[in-house]
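Just below is one structure, and these are the notes that go with it.
Chain naming here is simple, since letters A, B, ... match the order of the sequence lines and numbering starts at 1 in each. No experiment lies behind these values; they were computed from the predicted model shown.
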Protein chains: 2
Amino acid sequence: MAIELTTAQALQLWHDVNLELVRDDQPDLTSRQTSILLTIYLEAPPHTVRGLAQKLGVSKPVITRALNAMGKLDLVRRRRDDEDRRNVLVQRTVNGALYIEYLADMLARQAQGVRP
Amino acid sequence: MAIELTTAQALQLWHDVNLELVRDDQPDLTSRQTSILLTIYLEAPPHTVRGLAQKLGVSKPVITRALNAMGKLDLVRRRRDDEDRRNVLVQRTVNGALYIEYLADMLARQAQGVRP
DNA sequence: TAAGATAAAAACGGAACCGAAATGAAATTG
DNA sequence: CAATTTCATTTCGGTTCCGTTTTTATCTTA
């Protein structure tokens, strides 16, 4: 069951979602931060800085800084890998799960409102 | 014909779209810039700095700066309003229309790929 | 026409982010 | 066990964005 969406509907949905993200009082995440956050919450662990950098096609410092920012917001958490202490494992938080839930509900609601 | 999308599907779609935006070599727009751009291209003119600021719930300098940035990318253009020369009218460009088209196609393609 | 109102931009200091290069810590290899 | 590799972070200079405040230009109105 693929989702059939005309390009006009897709644009309108993108517009409405972005507008709500700007207008709400949730923290504003960049595309990179959003990609990282959703990768962590949608894909199976473990998630390392190196792995995330490869998946997104960006440098490792970009991941480090994004983790700093999202760590401050309590959306993700770092933990040293005990198997290989060079690695940092990125983990979920309760607050991050709540944010994801907000995002998912908003997206589904906006999609619901798409007009033919 | 509303678009039915589970929250899980919505999240996956959001993830995939953001990931592609990070990975492509198109200019990276912020949520605010995207909202402004799509407002200009989806809603009827005229578009003024003041009107855009109100619609997005942000200050006017935010709009001015976003227009500077998107003007450099040739995505939008300013024109003085001849009726009231205090106003700036924001207008579309060919390059902006091409960017919108790229965005729309990518979104529709990603939506097409959503799995039940 | 002088005074006030309005629209946009500019200026300012502070915060965040960028890519590239250097550093620190831990594991691996010869 | 010394040298090298790997992983993540820090640092650097530069750019961009933020909110607030000030300035400039234009219009309205008393």
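- A donor-acceptor contact shorter than 3.5 Å links the side chain of B:Thr93 to the backbone of B:Asp74.
- Shown are A:His15, A:Gln26, A:Arg109; of these, the side chain to side chain donor-acceptor pair (under 3.5 Å) with A:Glu20 is made only by A:Arg109.
- When atom types are taken as modelled, the side chain of B:Arg80 and the backbone of B:Arg85 share a donor-acceptor pair closer than 3.5 angstrom.
- At whole-Å resolution of the value, CG in B:Asp84 and C1' in D:dT29 are 15 Å apart.
- Summarising the geometry, the separation between CG on A:Asp28 and P on C:dC17 is reported as 11 Å, rounded to the nearest angstrom.
- Between the P atom of C:dC17 and the CG atom of A:Leu67 lies a distance of 11 Å, rounded to the nearest Å.
- Following rounding to the nearest Å, B:Asn87 (CG) and D:dT28 (P) show an atom-to-atom distance of 10 Å.
- With B:Arg77 contributing its side chain and B:Arg92 its backbone, the two residues share a donor-acceptor pair below 3.5 Å.
- When rounded to the nearest whole Å, the span between CG of B:Asn68 and P of D:dC18 equals 11 Å.
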What's touching nucleotides 19-22 of chain D from the protein side, N or O pairs under 3.5 Å?
{"residue": "D:dG19", "atom": "OP1", "partner": "B:Arg32", "partner atom": "NH2", "Å": "3.4"}
{"residue": "D:dG19", "atom": "N7", "partner": "B:Arg65", "partner atom": "NH2", "Å": "3.0"}
{"residue": "D:dG19", "atom": "O6", "partner": "B:Arg65", "partner atom": "NH1", "Å": "2.8"}

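- What you find for B:Leu75 and B:Tyr41 is that their closest heavy atoms are O-OH, 3.0 Å.
- Relative to the side chain of A:Thr64, the nucleotides C:dA8, D:dA8, C:dC17 differ in distance, and D:dA8 lies closest.
- Within the nucleic acid shown, B:Thr48 comes within 4.0 Å of sugar-phosphate atoms alone, with no base atom in reach, counting heavy atoms only.
- Residue contacts for A:Arg80: at a heavy-atom cut-off of 4.0 Å it reaches no nucleic acid atom on any strand shown.
- The phosphate of D:dC17 has OP1 or OP2 within less than 4.0 Å of a side-chain N or O from B:Gln33.
- Transitive grouping of hydrophobic side chains (ILVMFWY, heavy atoms separated by less than 4.5 Å) keeps B:Leu89 and B:Leu37 in distinct clusters.
- Checking C:dA27, D:dC17, C:dC17 against every side-chain atom of A:Arg85, the shortest atom distance belongs to C:dA27.
- Atom CZ in B:Arg50 sits roughly 14 Å away from atom C1' in D:dC27 (whole-Å rounding).
- Here C:dA26 is the nucleotide among C:dA26, C:dA9, D:dT26 with the atom lying nearest to any side-chain atom of A:Arg86.
- Taking for each of A:Ala66 and A:Asp81 the nucleotide of DNA chain C with the nearest heavy atom, the 5'-most of the two is the partner of A:Ala66.
- DNA chain D is contacted by both A:Arg78 and B:Asp82; A:Arg78 maps to the nucleotide lying nearer its 5′ end (nearest heavy atom per residue).
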Using a 3.5 Å cut-off and no angle test, enumerate the donor-acceptor pairs between side-chain atoms of residues 48-58 of chain B and protein atoms at least two apart in sequence or in another chain.
{"residue": "B:Thr48", "atom": "OG1", "partner": "B:Gly51", "partner atom": "N", "Å": "2.9"}
{"residue": "B:Lys55", "atom": "NZ", "partner": "B:Glu43", "partner atom": "OE1", "Å": "3.3"}
{"residue": "B:Lys55", "atom": "NZ", "partner": "B:Glu43", "partner atom": "OE2", "Å": "3.3"}

